[in-house]
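Notes follow the structure.
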Amino acid sequence: VQSPSSSDKPRILLMGLRRSGKSSIQKVVFHKMSPNETLFLESTNKIYKDDVSSTSFVQFQIWDFPGQVDFFDPTFDSEMIFKGTGALIFVIDAQDDYVEALSRLHLTVSRAFRVNPNINFEVFIHKVDGLSDDHKIETHRDIHQRANDDLADANLEKVHLSFYLTSIYDHSIFEAFSKVVQKLIPQLPTLENLLNIFISHSGIEKAFLFDVVSKIYIATDSSPVDMASYELCCDMIDVVIDVSCIYGSDGSGCAYDKESLATIKLNNTTVLYLKEVTKFLALVCILREESFERKGLIDYNFHCFRKAIHEIFEVGGVSSLLSEKRNSSLKFA
Ligand code: GDP
């Protein structure tokens with residue numbers, strides 16, 4: 001186990017009982033494993049650190065804990081583990097009896113909060129693919145209620161838990177991970193602002209800024225996200241990467257680079273448009289066919305958008321201070 005000083009990246013910890021689905025989540029989201037293959041995963045029995053920062057915009061480590069971490073074991077250094085943590089994801093198997101998981105959640109959260117009150121606590125009510133819609137709502141309500149009652153009994157009302165219904169068999173796990181990651185991006189308001197300006201000047205209906213490898217969207221414009229649009233954009237990324245893997249001509253094996261650009265016209269007058277923004281990020285937009293006739297305008301505005309994104313991530317820390325000013329001086333057509 002490394003000390004926090006060896007890595008100053010914010011960390012996501014993935015915890016939960018054995019067999020709750022932690023390794024599967026990590027493999028499906030960050031390593032393109034298909035959900036069915038997870039049936040053959042060996043159960044986790046050690047702390048597994050997966051540094052995804054070389055392939056992904058997401059500069060976080062996923063620490064997959066064995067189910068039965070013993071906080072009272074003197075060799076378990078909770079101080080060190082929780083200090084550098086940005087978000088703690090606790091996975092609960094919703095298809096199983098979750099009484100033990102809830103007590104484990106409580107123990108984990110109260111211990112982590114004492115060490116680091118700034119951690120975002122994220123509860124994944126997982127494997128909900130096996131539940132009917134009514135059962136999903138009921139399970140969500142029940143887990144929410146019991147977890148918060150336990151906190152209240154321990155005088156920990158201040159602790160905020162966020163809940164997500166997830167499954168690796170649909171896009172819900174990507175959507176939940178997107179929300180978790182977005183909370184850890186300090187530039188989020190600036191990114192949203194830029195996306196709003198970009199779409200309103202370009203006649204675009206919806207735009208997502210995607211981490212290509214994980215299909216996590218790190219920002220979108222402020223119009224509401226509907227699952228169908230998000231899924232459409234995820235599928236577009238898969239298609240583009242697959243086609244470019246198979247037919248890409250440079251032979252370098254790089255399926256995504258500066259030239260990456262794709263347009264797909266669907267038969268209902270909707271157009272999907274994908275373009276490279278940075279080494280890890282792509283913009284994926286949904287627009288109507290008639291708006292796409294003004295492609296020159298879109299390309300020009302995209303150019304401005306891309307430039308702004310590069311400035312934001314290059315300037316780093318001070319960017320959020322300067323961002324408002326920069327937004328207003330952007331010359332979108
Ligand atoms: P871990 O011990 O917490 O790392 O759990 P694993 O990732 O090994 O998963 C345990 C089992 O749960 C595996 O057989 C997975 O295929 C299964 N599993 C994981 N996620 C889901 C899910 O979303 N839905 C269903 N139905 N099964 C899942």
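Counting convention: from 1, in listed order, for ligands and their atoms alike. If you're wondering where the values come from, they're calculated on a predicted model, not measured in any experiment. Counting from 1, the numbers follow the sequence of the chain as shown.
Salt bridge absent: Asp149 and Arg146 never bring a charged side-chain N and a carboxylate O closer than 4.0 Å. By the 4.0 Å N-to-carboxylate-O rule, Asp211 lies too far from Lys215 to be salt-bridged with it.
Per-residue contacts place Ser167 under 4.0 angstrom from the following atoms of ligand 1 (heavy atoms of the residue considered): 23 (O). Counting the atoms of ligand 1 from 1 in the order shown, those under 4.0 Å from a heavy atom of Gly21 are 1 (P), 3 (O), 5 (O), 6 (P), 7 (O), 9 (O), 19 (C). Of all atoms in ligand 1, listed by their number and element, those nearer than 4.0 Å to a heavy atom of Lys22 are 1 (P), 2 (O), 3 (O), 4 (O), 5 (O), 7 (O). Listed by number with element, the atoms of ligand 1 under 4.0 Å from a non-hydrogen atom of Gln95 are 26 (N).
At under 3.5 Å, not a single nitrogen or oxygen of Thr166, backbone or side chain, sits near a nitrogen or oxygen of ligand 1. An N or O contact shorter than 3.5 Å is missing between Tyr169 and ligand 1 by distance. Polar contact check, Arg18 against ligand 1: no nitrogen or oxygen pair lies under 3.5 Å apart. The shortest N or O to N or O distance between Leu41 and ligand 1 is not below 3.5 Å.
Residue contacts with ligand 1 for Asp93 are absent, since no atom lies close enough (heavy atoms, distance under 4.0 Å). Contacts with ligand 1 closer than 4.0 Å are made by no heavy atom of Lys27, backbone or side chain. If you look at Asp129 next to ligand 1, the close heavy atoms, those under 4.0 Å, all belong to the side chain.
In this structure, of Ile25, Ile173, Ile168, the residue bringing a heavy atom nearest to atom 23 (O) of ligand 1 is Ile168.
Residues Tyr273 and Phe292 place their aromatic rings such that the two centres sit under 6.0 Å apart. Between Phe305 and Tyr300, the distance separating the two ring centers is not shorter than 6.0 angstrom. Two rings, from Phe57 and Phe313, have their centers less than 6.0 Å apart. For an aromatic pair to be called close, the ring centres must be under 6.0 Å apart, and Tyr230 with Tyr217 satisfies this.
Using modelled atom types and a 3.5 Å distance limit, the side chains of Asp142 and Thr139 yield no donor-acceptor pair. Ser223 and Asp221 share a donor-acceptor pair across their side chains, judged by distance under 3.5 Å alone.
Contact between Gly130 and ligand 1 is absent, with no heavy atom of the residue lying under 4.0 Å from the ligand. Residue contacts with ligand 1 include Leu17, since one or more of its heavy atoms lies under 4.0 Å from the ligand.
For residues 23-37, the pairs satisfying salt bridge (charged side-chain N to carboxylate O under 4.0 Å, His left out) are Lys32-Asp238, with sequence neighbours left out.
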